J.: 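My questions will all concern the structure given below.
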Amino acid sequence: VGSTPYAVKHFEDARHRYELCRRLDEKLDEEVCDYQVTKEMAELADVLEVIHAIAEANGITFEELDQIRLHKRETRGGFTKMILLEEIIE
């Protein structure tokens, strides 16, 4: 931030949760776009920071979110073999 002027808004109670979540969604889009353009790990860390904030705003810890991720990996697989599902054919 340094000497760059900026404005902040503090979302201090549950009445502002919807707006906070909406703003965090916007911030996530911004950070993902930054990462996609630069491919820098610092930008990817910013994505992770926003994900932490989204989890907290929704009443769960990052550890709980990670448990959900691990469960999905166990039941559906992950990306460790670099295989992506393109389509489900019914």
Side-chain angles (χ1 to χ4, degrees):
V1 175
S3 62
T4 304
Y6 62 95
V8 297
K9 181 168 186 173
H10 187 211
F11 297 92
E12 46 190 50
D13 59 42
R15 291 177 298 155
H16 299 107
R17 185 178 167 282
Y18 174 81
E19 184 179 355
L20 172 61
C21 289
R22 185 184 63 76
R23 296 256 187 114
L24 286 170
D25 285 349
E26 291 172 0
K27 187 67 175 169
L28 181 61
D29 289 343
E30 175 188 325
E31 298 298 348
V32 167
C33 286
D34 289 348
Y35 168 73
Q36 289 174 327
V37 169
T38 67
K39 302 297 188 224
E40 293 179 10
M41 291 299 106
E43 296 296 344
L44 190 57
D46 289 343
V47 171
L48 193 55
E49 185 64 30
V50 177
I51 291 170
H52 277 256
I54 291 170
E56 186 176 318
N58 283 283
I60 66 168
T61 66
F62 187 75
E63 291 75 18
E64 291 169 315
L65 180 63
D66 202 42
Q67 287 301 313
I68 295 168
R69 179 190 66 81
L70 290 172
H71 176 73
K72 288 182 75 169
R73 176 189 273 184
E74 289 173 13
T75 58
R76 298 183 183 175
F79 299 104
T80 56
K81 294 182 182 177
M82 302 303 170
I83 299 171
L84 298 175
L85 176 65
E86 289 188 348
E87 177 182 4
I88 297 175
I89 302 170
E90 296 189 41

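Computed from a predicted model, the values in this text were never measured in an experiment.
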J.: How far does CG of Leu44 sit from CD of Gln36, to the nearest 0.5 angstrom?
T.: 10.5 Å
J.: Is Tyr18 reachable from Ile60 through a run of hydrophobic residues whose side-chain heavy atoms are each under 4.5 Å from the next?
T.: no
J.: Just verifying a value: how many Å separate Thr61 OG1 and Gln67 CD, rounded to the nearest 0.5 Å?
T.: 9.0 Å
J.: Going from CZ on Arg23 to CD on Glu19, what distance comes out if it is rounded to the nearest 0.5 angstrom?
T.: 4.5 Å
J.: With Glu30, which residues qualify under salt bridge (Lys or Arg N to Asp or Glu O under 4.0 Å), at least two apart?
T.: Lys27
J.: Can Lys39 be said to sit on top of Tyr35's aromatic six-ring, NZ or CZ under 6.0 Å from centre and within 45° of the ring axis?
T.: yes
J.: Are the side chains of Glu26 and Arg22 in contact, using a 4.5 Å heavy-atom criterion?
T.: yes
J.: Would you name the heavy atoms of Cys21 and Asn58 that are closest together and state the gap between them?
T.: SG-ND2, 4.1 Å
J.: To the nearest 0.5 Å, how far apart are NE2 in His71 and CZ in Arg76?
T.: 8.0 Å
J.: Measure from the side-chain N and O atoms of Asp66 to the backbone N and O of Phe62, and report whether any donor-acceptor pair falls under 3.5 Å.
T.: no
J.: Would Thr80 and Arg73 satisfy side chain to side chain contact (heavy atoms under 4.5 Å, CB included), going step by step from the backbone distance to the final call?
T.: CA-CA 10 Å; Thr80 56; Arg73 176 189 273 184; 4.2 Å; yes
J.: CG/Asp34 to CG/Asp29 distance, rounded to the nearest 0.5 angstrom?
T.: 11.0 Å
J.: So Leu65 and Ile51, side chain to side chain contact (heavy atoms under 4.5 Å, CB included) or not? Walk me through it.
T.: CA-CA 9 Å; Leu65 180 63; Ile51 291 170; 3.7 Å; yes
J.: Okay, side chain of Glu31, backbone of Leu28: is any donor-acceptor separation there less than 3.5 Å?
T.: no
J.: Got a second to check how far Glu74's CD is from Lys72's NZ, nearest 0.5 Å?
T.: 13.0 Å
